[in-house]
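Here is how names work: the chains are called A, B, and so on, in the same order as the sequence lines, proteins then strands, and each is numbered from 1. Note that the structure is a prediction, hence the values are computed from the model and not measured.
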There are 2 protein chains.
Amino acid sequence: MVHAQELTKNQSLVLDVLSHTEGPLSAYSLLDQLRDKGFRAPLQVYRALDKLMEFGLVHRLESINSFVACTHGHDHKHGVIAFGICDTCGRVDEFCDAVVEERLKGWSKEHAFRLSKTTIEMRGTCASCLAA
Amino acid sequence: MVHAQELTKNQSLVLDVLSHTEGPLSAYSLLDQLRDKGFRAPLQVYRALDKLMEFGLVHRLESINSFVACTHGHDHKHGVIAFGICDTCGRVDEFCDAVVEERLKGWSKEHAFRLSKTTIEMRGTCASCLAA
DNA sequence: TCACCAATGTAATAACATCACATTACCCTA
DNA sequence: TAGGGTAATGTGATGTTATTACATTGGTGA
Ligand SMILES: [Zn+2]
Ligand SMILES: [Zn+2]
Ligand SMILES: [Zn+2]
Ligand SMILES: [Zn+2]
């Protein structure tokens, strides 16, 4: 696992914005927020995001082409992660379920499928938004 | 459920290409393959895909921005669907797992999250490609 | 000093998706 | 059978997301 001190300048800047934002951001939103820090091109953001995802500090939400800071501790070892994404307010909840993981790995084993990455995303409306 | 006879011309054309293709296609690949059928613009493809997905005849693969024809029978009632996607050959396997579905719905209930759509995609390498 | 490698900067382009508006086809019914 | 309503279609422009290509910088170790 990588610690904050080991991050490069651009990686730190991107992680900082994500960490201080409630909800996911697109790469281009990140770029806009980092223009006054000297960011000029999408690739600067994408490169930082790639590394941060490799380190497990950031996750990509495939169904909305956006990114969130990991809500687990930095030393948390990720298994299969699932996300609950509120389409109304953008709130994202990250969680792990050992049973789900076991079932999906079971399918992979049965089918001799070498699993490299699993995406689980639930879209819907969160409790707060339902109440409102 | 909708039967093939009820599909419009554009919907039939799109489904036809998808059904006769091994593996997923992007919207623009579909467009290219349908140019000689009179297709001229992306929206023609996206509109047809939207309806076909509504009918449950086509699924979107979020992690690769592509679409596949459903491999279940037309009258199959979809629960939560999971996909195994081979990054080497493009093969896609669609399956349902009642336990996974129950666990994810359980999380939603616990968190008072109104679930509208669930995405489960496993990326990796299929048995054939591993053997080769 | 030099070779090497990781990180960065920049412009251009590719890939994916939607908006806005006009037109056509079809069904229902007055 | 004319008129109104709705679904489907055609078309161009635009918006959004992601990658390619190439140049430059900065440190690390022989
Ligand atoms: Zn995490
Ligand atoms: Zn919400
Ligand atoms: Zn299906
Ligand atoms: Zn394969």
Side-chain angles (χ1 to χ4, degrees), chain A residues 2-18 21 23-55 57-68 85 87 90 117 119 121 123, chain B residues 2-18 21 23-55 57-68 85 87 90 117 119 121 123:
Chain A
V2 173
H3 301 88
Q5 297 82 356
E6 304 174 27
L7 296 179
T8 67
K9 181 182 154 224
N10 285 4
Q11 289 160 20
S12 298
L13 288 167
V14 168
L15 181 58
D16 207 54
V17 172
L18 277 178
T21 301
L25 291 174
S26 73
Y28 279 75
S29 298
L30 282 165
L31 175 57
D32 285 340
Q33 297 201 33
L34 288 166
R35 291 214 186 265
D36 55 4
K37 302 287 188 186
F39 275 52
R40 310 286 305 164
L43 197 50
Q44 295 174 287
V45 176
Y46 282 110
R47 284 199 278 227
L49 287 170
D50 283 346
K51 285 295 182 185
L52 291 169
M53 288 189 288
E54 187 182 320
F55 300 154
L57 300 174
V58 164
H59 302 301
R60 175 184 171 86
L61 300 173
E62 301 285 359
S63 68
I64 54 174
N65 297 320
S66 295
F67 305 84
V68 282
I85 303 169
D87 290 328
K117 183 165 194 305
T119 296
E121 297 177 17
R123 306 281 296 276
Chain B
V2 173
H3 300 88
Q5 298 81 358
E6 304 173 27
L7 295 179
T8 67
K9 181 182 155 227
N10 286 3
Q11 289 159 20
S12 297
L13 288 166
V14 168
L15 181 58
D16 208 53
V17 173
L18 276 178
T21 301
L25 291 174
S26 72
Y28 278 73
S29 296
L30 282 164
L31 175 58
D32 285 340
Q33 297 201 34
L34 287 166
R35 291 214 185 266
D36 55 3
K37 301 288 187 184
F39 275 52
R40 310 286 305 165
L43 199 49
Q44 294 175 287
V45 176
Y46 283 110
R47 284 199 278 228
L49 286 170
D50 283 345
K51 285 294 182 185
L52 291 169
M53 288 190 288
E54 188 183 320
F55 301 154
L57 300 173
V58 164
H59 303 300
R60 176 182 172 85
L61 301 173
E62 300 285 359
S63 68
I64 55 174
N65 297 321
S66 295
F67 304 84
V68 281
I85 305 168
D87 290 329
K117 183 165 195 304
T119 296
E121 296 177 17
R123 306 280 297 276

Separation of D:dT25 atom C1' from A:N10 atom CG, nearest Å, is 13 Å
query: So, is B:N65 near the phosphate of C:dA15, with a side-chain N or O under 4.0 Å from OP1 or OP2?
result: no
A:L34 CG to C:dT8 P, in whole Å, measures 12 Å
Between NZ of A:K9 and C1' of C:dT8 the distance, given in whole Å, is 9 Å
Side-chain N or O of B:Q44 versus OP1/OP2 of D:dG10: is the shortest distance under 4.0 Å? yes
### Query
Any side-chain heavy atom of A:F55 within less than 4.5 Å of one from A:Q11?
yes
Side-chain N or O of A:T8 versus OP1/OP2 of C:dA7: is the shortest distance under 4.0 Å?
no
Practice prompt. May I ask you to say whether B:R123 pairs ionically with B:E121, meaning some side-chain N is under 4.0 Å from a carboxylate O?
Written response: no
### Query
Are the side chains of A:N10 and A:L34 in touch, meaning some heavy atoms are under 4.5 Å apart?
no
task: Please state whether the phosphate of C:dA17, meaning OP1 or OP2, lies under 4.0 angstrom from any side-chain nitrogen or oxygen of B:R60.
output: yes
| task | May I ask you to evaluate whether B:R47 reaches the phosphate of D:dT11, defined as a side-chain N or O under 4.0 Å from OP1 or OP2? | result | no
Between CD of A:Q11 and C1' of C:dA6 the distance, given in whole Å, is 10 Å
Rounded to whole Å, the CG-C1' distance (B:L25 to C:dC16) equals 15 Å
Taken to the nearest whole Å, CG/A:L61 to C1'/D:dT17 is 15 Å
Taking every heavy atom of A:L49 against every heavy atom of A:A27, the minimum-distance pair comes out as CD1-CB, 4.2 Å
Walking DNA chain D from its 5' end, the first of B:L43 and B:Y28 to be reached, judged by nearest nucleotide, is B:L43
note: A:E62, atom CD; C:dC16, atom C1'; distance rounded to Å ~ 14 Å
Closest of C:dC16, C:dT8, D:dA8 to the B:K51 side chain is D:dA8
Between CD1 of A:I64 and P of C:dA17 the distance, given in whole Å, is 14 Å
Discussion item. If we ignore hydrogens and angles and just use 3.5 Å, is the side chain of B:Q33 paired with the main-chain N or O of B:L30 as donor and acceptor?
Written reply: no
Regarding the side chain of A:Y46, the nearest nucleotide among C:dT10, D:dT9, D:dT17 is D:dT17
By nearest-heavy-atom nucleotide on DNA chain D, the more 5' of B:P42 and B:F39 is B:F39
